[in-house]
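Input: a single structure, listed below in structure tokens.
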Amino acid sequence: MATELAKTYEPRAIEARVTERWLSSGAFAAVPDGRPPERRYVIMMPLPNVTGALHMGHAMDNVMQDLLVRWHRMRGDNTLWQPGTDHAGIATQAVVEKRLFELEGKTRHDIGREELVRRIWAWKDEYQQRIVRQQQQMGCSADWQRQRFTMDEVCSAAVREAFFRLFCDRLIYRGDRLVNWDCQLQTAVADDEVYHEPVAGHFWHLRYPLKDPGPGEPTHVVVATTRPETMLGDTAVACHPDPRAALAASIAAQRDKISAAGAKERAAEEEELARLEARAREQVTGLEQLAALARAGKRVILPLLEREIPLIVDPWAKPELGSGCVKITPAHDPNDYAVWQRHRDQLGILNILNPDGTLNRNAGPYAGLDRFAARERVVADLQARGLIEAIEEREIEIGHSDRSKTPVEPYLSKQWFVRMGDLPGGVTCGRGTAKERHTTGLAQAAIDAVRADWRSPGGLRLSFHPERYAAGYVAWLAEKRDWCISRQLWWGHRIPVWTRVCTGGGEVRAAVDAVPRDAGGALHLWVSDADGQQLTADAVPTDADGSFEVQVCVRSKAAEAAHAAALAAAGFAQDPDVLDTWFSSALWPFSTLGWPNPAAAAVNPGQTRLGGDGGPDSFSYYYPGSCLVTARDIITLWVARMIIMGLYNHGELPFTDCFVHAKILDGKGVTMSKSKGNGIDPAEIIRQYGADAMRYLICDMETGMQDVRLPVQATCPTCQAKVELTDAEHGHTIFTYLCTACHAEFDVLGTMPNVPAASVTSDRFEVGRAFCNKLWNAARFALSNLGQLGFSPLDRSALAAEDRWILSRLQRAISAVDEHLGAYRPAAAVGVARDFFWGELCDWYLELIKPRMRDDSQAPIARQVLAHVLDQVLRLLHPFVPFITEALWEFLREQAPVRGLATPLGDAPLCLHAPWPTVDPGLIDAPLEQELARVQEVIGRLRELRARHDVPPRRELPAAIRGPAERLAVFSRHAGLIRDQARLSALHLGSEAPPLHHAATQVSADLEILLGDVLDPVVERKRLGAVLEKLHKQLEASQKKLANPSFVERAPADVVAGEKTKVAELSAQIASLTTNLAALEG
RNA sequence: AGGCACGUAGCUCAGUGGGAGAGCACUACCUUGACACGGUAGGGGUCCGCAGUUCAAUCCUGCGCGUGCCUACCA
């Protein structure tokens, strides 16, 4: 039972109560039923990391999803919003390890794998709870009884199954590859986890002595590097095979560039051409000589280590750059690695790094030094020997690990990969299902999915909203780069492969024979050769030489329990690595639903079962889903991989729509983030303004632009002033500011020891709160006027003009909101709803019916229409501002238990389950809408006249309107409204109107509006003069257009006619105003 | 370097091949029986610059300037 409607809008009380009602009634639960696939709506929540609290980016993401989910739920779709959190392997382990070190001074090796994992689970439990609470505070209507975590048993089962299938299909392999190595976390990181940052550095030119130079031959070759310590791992020096041709080619290319270049660039490009030409004259002979020496097998002495390395020719050495020669460090540079692959017979590969970033024994006397210390030593030692030719100061883009913020090193190591490229025999998607289909490769399958003419076996296609994001998705996939899925961490899904390293075919045979037989097909075995090629056991002859790995993938946890001991006894060891977080995330659209075995899927106590209870299981009912909502930075990392995994495992897309929303920036246009101190905490906004206010503004900001700026203010802890951070100067660090009022320093991160911390917020959310306040008060007014309202069928003929008008406008609003939401335009949708509610319902309808409300004979019909419109408005606004509408819904149902016009509306105890408004075309009355627009216009003009002449609001004045008879007929029909709203003592229509004293005049289209008894002729004269001037200008412009023969001939007839009407109207207006002006002067 | 966006009122942003819009801020008046988190009205803009297409350009095309993001590379 609702208590009495409070006089003021208090979001905190409302939101707490509504949340309780929703959660205790399980209002968001998704239950499979008889509704067909096209009446189902599924959104998989992009899983937040369990590393910390949510920020505004999450708020945007969650609100967008909730908006769609609530809309579809009210439209009658069987709706699932699947919530959950991500174990976020590296990020979480890094945070917990850091805390362990700070609090206890221990590293992970001190406490061991099991203990570390136990602690991370404890951390996860705490933060997941916090995240869920925040999402519930925002109003997220996700099915919390289905909450998942990527390391839950049900998700782990899906990970194992998907891995096993990929492994069997040779789509997962293990190989030596150069990866980005995080020396602090000591793991490989993906390209996407690396960000580039410019760092002040040097460009060193090193001299390597030539071995036994003959007469006329150079004594040194010069190479340049930004990382001199890598020279210890050099295995060659390369020069271009044909420097003369290569230079000629780049000179030609440069000439083309100059002819295409704009004026501003030209000078720089000319300079570059001159440089190339000078090089072609002066250096090419030397380079050709080096190429010749290289072909002759000449060698170079690597200084410091005094190692002989070959001089080779390879086109990677660009004659136009540096010295024209390049040092080759295959184990620590991707390009050099490629060179090594081309010249494997000539040069070796030498890893000089330990996993922790210190140099290993290959670095000779430098072994044990950290890479940066080694850099200094190497430079000093080379300098001492006169082997440094030059040092340039230079800004260098350095790759940093996103998690540890330390520079990554290219590092050669054994890693697991998913093969993204095309395979000779292609790939079977959805094997064993009705949607089985063939594709050339995994990446290609995902690329095809956005092609306009492509359809999945189920008739679906992937589309991006806005469409432009498809291009980036395709471009990324088109590289078809293999995906490194192994991480050298302890936190994550362990790679389910057992390996035994074997030397020679005989040992391979013995190892294979020792693998347990599994009748259920739960084990799959490949023999991997030195290149990572996966061979069947019998493809390796017993007399084969070389090193092999026998790899056994174990399909399930049960199979592992059954066979682990036997595998261990046979000399197999389980891979110590864990999977990239995105591997389990990629399976999210189906791992959460119980795949591969929903009937047997384990869920936590109290959670919804996923199958096995007779009805359809969750996976078959809710897969494929509908829409994925995200910011653009995650399209490649996650969206693309979900598409791939969905297509591969099921032959079907996981969703058809990808809605990419804006990112939220601060007032300077910088991405908000906690670490920059410009981030706003949604919880703080909710505390200050309410969740509905936050949601309202977020919807209003999502206009389809790329980014949204949200100016941020801090509350000065010293003087409590609101400080606009865009205007404030920094204090002694970039995380502190000086108050613009009292000049005291404050800290926005809350981490500075001696500087007081300020809370960061944005006053833009006041708009949302004002909106909610308006809604609250409008509803309060309406409800106080309803009494205990009964229902009786209303005939249209019984309705007053304003009733028919507001109902007609309501139909327009319903239809426009639907259209905008369907096209992913939340700002436009909320704008229509707001304009209807505020601009039409509040500003006009409520005002228009006030007189009727005081009259018992007229009140009942107005009340019933009002209850109906309020009902529809609450439903229409519910997806945007769910709390306040839900709260008001409760009151409305009490005051008016049955609402409707001719027939009662469908009802529900909770607004979130109420049927979505539908358009009744019979209620649309376009001519009446036009009439009322005229009436509003006239009222506006009359009010303007009152304001111009400082007429007190209560004073009633006489007015007159002159104009064409059919127009005046309209005003005659609505004369009462006009008198009321413009506070008139009398309204005279037509030219027969009696003259008004001291009349002020307005002209509007073909009308002349006069307001009598206005006191100050001087003010009016001045104003009329200004208006006349403006009208004359407009008239001239129009007449000029019409005097232009080509305009009259070529412009469409209606445009020309419109221009003529305009001239006529303007002339008439000028005439009447001139007359009035003369009268005032007389 | 390449690609994708963007540049409209003081701020944040809509919008359109034919008379420039909203919200906030600002100004004036109003505490009128829902709401001052409100109402009524008002001021404020070479629609980044230049050229072209067009009868007509803020909108279309090209160039330039500025900003943001993505991708790649820099031995």
Side-chain angles (χ1 to χ4, degrees), chain A residues 5 7-9 196 203-206 223-227 230 237-238 262-264 316-318 321-329 333 335-336 339 394 396-397 466 468-469 471-472 475-476 479 632-633 635-636 663 665 667 669-671 689 693 697 700-701 703-711 724 726 763-764 766-785 827-828 831 834-835 842-843 846-847 850 853-854 940 943-948 950-954 983 1034 1037-1038 1041 1044-1052 1054-1056 1058-1059 1062 1066:
Chain A
L5 197 49
K7 282 210 176 64
T8 52
Y9 166 62
H196 289 82
F203 200 42
W204 283 276
H205 298 254
L206 315 180
V223 293
T225 179
T226 56
R227 295 184 297 153
T230 61
V237 169
K264 201 187 175 189
W316 165 240
K318 307 282 179 224
L321 289 177
S323 66
C325 293
V326 61
K327 63 195 269 306
I328 302 296
T329 322
D333 182 282
N335 295 303
D336 295 1
V339 172
R394 185 157 159 177
I396 304 158
E397 290 272 323
R468 62 176 182 271
Y469 291 106
W476 185 81
E479 302 229 353
R632 72 186 111 87
D633 43 10
I635 292 173
T636 51
K663 293 183 72 162
L665 311 178
V670 178
T671 311
Y689 301 99
L697 193 77
D700 199 41
M701 288 192 301
T703 63
M705 292 275 296
Q706 277 202 126
D707 298 318
V708 179
R709 285 189 188 204
L710 190 61
E724 194 74 45
T726 314
D763 57 17
R764 297 282 308 281
E766 283 171 10
V767 176
R769 192 180 49 188
F771 174 80
C772 293
N773 185 59
K774 186 75 178 178
L775 177 55
W776 185 261
N777 281 294
R780 201 158 66 88
F781 169 75
L783 292 171
S784 72
N785 276 288
R834 178 229 302 124
D835 290 346
C842 292
D843 290 352
L846 292 186
E847 296 303 325
K850 274 177 183 173
M853 285 298 186
R854 288 180 215 119
R943 285 171 174 168
E944 191 187 330
L945 288 173
R946 298 181 68 107
R948 289 272 178 211
D950 287 330
V951 179
R954 291 178 189 242
R983 290 244 172 209
Q1034 287 181 11
S1038 288
K1041 267 191 187 176
N1044 180 350
S1046 53
F1047 172 73
V1048 181
E1049 282 163 29
R1050 302 201 198 188
D1054 59 322
V1055 173
V1056 177
E1059 211 61 37
K1062 203 165 127 190
L1066 287 168

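Here is the naming used below: chain letters follow the sequence lines, and residue numbers restart at 1 for every chain.
- The A:Asp843 side chain lies nearest to B:G39 when the options are B:C35, B:C30, B:G39.
- With hydrogens and angles ignored, a donor-acceptor pair under 3.5 angstrom links the side chain of A:Lys774 to the base of B:C35.
- Closest approach to the A:Arg709 side chain among B:G39, B:C69, B:U12 is made by B:U12 (side chain taken as heavy atoms from C-beta onward).
- Dashed line: the shortest gap from a side-chain N or O of A:Arg954 to OP1 or OP2 of B:U32 is not under 4.0 Å.
- Atom name P, nucleotides B:C48 and B:C13: the rounded distance is 15 Å, in whole Å.
- Side-chain proximity of A:Glu944 to the nucleotides B:A41, B:G18, B:C69 is greatest for B:A41.
- Searching all strands for a Watson-Crick or G-U wobble partner of B:U67 with both distances below 3.5 Å returns B:A5.
- Atom OH in A:Tyr469 sits roughly 9 Å away from atom C1' in B:C4 (whole-Å rounding).
- If you check every strand for non-hydrogen atoms under 4.0 Å, A:Lys318 touches a base.
- Remark: A:Lys327 does not engage A:Asp336 in a salt bridge, criterion side-chain N to carboxylate O under 4.0 Å.
- Here B:G33 presents its P atom at 12 Å from CZ of A:Phe781, a figure rounded to the nearest Å.
- We find that CG of A:Leu710 is positioned 9 Å from P of B:C13, with the value rounded to whole Å.
- Rounded to the nearest 0.5 angstrom, A:Tyr469 OH and A:Arg632 CZ are separated by 5.0 Å.
- Using a 4.0 Å heavy-atom criterion, one finds that A:Arg948 contacts the sugar-phosphate atoms exclusively.
- Using a 4.0 Å heavy-atom criterion, one finds that A:Tyr9 contacts no nucleic acid atom at all.
- Nearest nucleotide to the A:Glu479 side chain, out of B:A72, B:C24, B:C30: B:A72.
- For the pair A:Arg780/A:Thr8, no side-chain contact is recorded, criterion being any heavy-atom separation below 4.5 Å from C-beta on.
- Of the listed nucleotides (B:G18, B:C4, B:C24), B:C4 has the atom at the smallest distance from the side chain of A:Arg468.
- For B:U53, there is no paired base (Watson-Crick or G-U wobble, both distances below 3.5 Å).
- Counting non-hydrogen atoms under 4.0 angstrom, A:Thr226 reaches the backbone sugars and phosphates but no base.
- Here A:Glu724 lies out of heavy-atom contact (under 4.0 Å) with every strand.
- A:Arg983 comes within contact range of no nucleotide atom at all, as no heavy-atom separation falls under 4.0 Å.
- Counting heavy atoms from C-beta outward, A:Thr225 and A:Leu206 have side chains that approach closer than 4.5 Å.
- Residue A:Ala471 is out of contact with every strand shown, counting any heavy-atom pair closer than 4.0 Å.
- The base-pairing partner of B:C29, taking Watson-Crick or G-U wobble contacts with both distances under 3.5 Å, is B:G39.
- Base pairing annotation: B:A34 forms no Watson-Crick or G-U wobble pair, as no partner gives both donor-acceptor distances under 3.5 Å.
- Looking at every heavy atom in both residues, A:Ala693 comes nearest to A:Gly768 through CB-C, 3.5 Å.
- Residues A:Val237 and A:Val223 are in side-chain contact: their nearest non-hydrogen atoms beyond the backbone lie under 4.5 Å apart.
- Contacts of A:Arg946 with the nucleic acid, taken as non-hydrogen atoms under 4.0 Å apart, are absent.
- The shortest side-chain heavy-atom distance between A:Arg227 and A:Thr230 falls under the 4.5 Å cut-off.
- Looking at heavy atoms from C-beta onward, A:Ile328 lies in side-chain contact with A:Trp316 at the 4.5 angstrom threshold.
- If you check every strand for non-hydrogen atoms under 4.0 Å, A:Cys772 touches nothing.
- A 3.5 Å limit on both hydrogen-bonding distances identifies B:U12 as the Watson-Crick or G-U partner of B:A22.
- Using a 4.0 Å heavy-atom criterion, one finds that A:Asp950 contacts no nucleic acid atom at all.
- Between A:Asp633 atom CG and B:C69 atom C1' the separation is 10 Å, expressed in whole Å.
- The side chain of A:Lys1041 approaches B:G18 more closely than any other nucleotide in the set B:G42, B:G18, B:U12.
- For a distance-only test at 3.5 Å, the side chain of A:Glu766 fails to qualify as a donor-acceptor partner of the base of B:A25.
- One P atom belongs to B:U67, the other to B:U12, and the distance between them is 16 Å to the nearest Å.
- The cationic atom of A:Lys774 (NZ for Lys, CZ for Arg) does not lie both less than 6.0 Å from the six-membered ring centre of A:Tyr9 and within 45° of the ring axis.
- The distance between atom CG of A:Asp835 and atom C1' of B:G15, rounded to the nearest whole Å, is 14 Å.
- Taking atom CG of residue A:Leu945 and atom P of nucleotide B:A28, one finds them 21 Å apart after rounding to whole Å.
- Summarising the geometry, the separation between CZ on A:Arg943 and P on B:G42 is reported as 11 Å, rounded to the nearest angstrom.
- The side chain of A:Asn335 places an N or O atom within less than 4.0 Å of a non-bridging phosphate oxygen (OP1 or OP2) of B:C74.
- Of the candidates B:G23, B:A41, B:G18, B:G23 carries the atom nearest the A:Val767 side chain, counting heavy atoms from C-beta on.
- Mapping A:Val1048 and A:Ala770 onto RNA chain B via the closest heavy atom, the residue that lands nearer the 5' end is A:Ala770.
- Comparing A:Pro1052 and A:Ala778 along RNA chain B, the residue whose closest nucleotide (by nearest heavy atom) sits nearer the 5' end is A:Pro1052.
- In the set B:G18, B:C13, B:C37, the nucleotide with an atom closest to the side chain of A:Thr703 is B:C13.
- For the pair A:Lys7 NZ and B:G33 P, the computed distance is 14 Å after rounding to whole Å.
- Ranking B:G42, B:C74, B:U12 by closeness to the A:Pro711 side chain, first place goes to B:U12.
- In this structure, A:Lys850 reaches the B:A34 phosphate: one of its side-chain N or O atoms is under 4.0 Å from OP1 or OP2.
- Residue contacts shown for A:Arg769 include a base, since a base heavy atom lies under 4.0 Å away.
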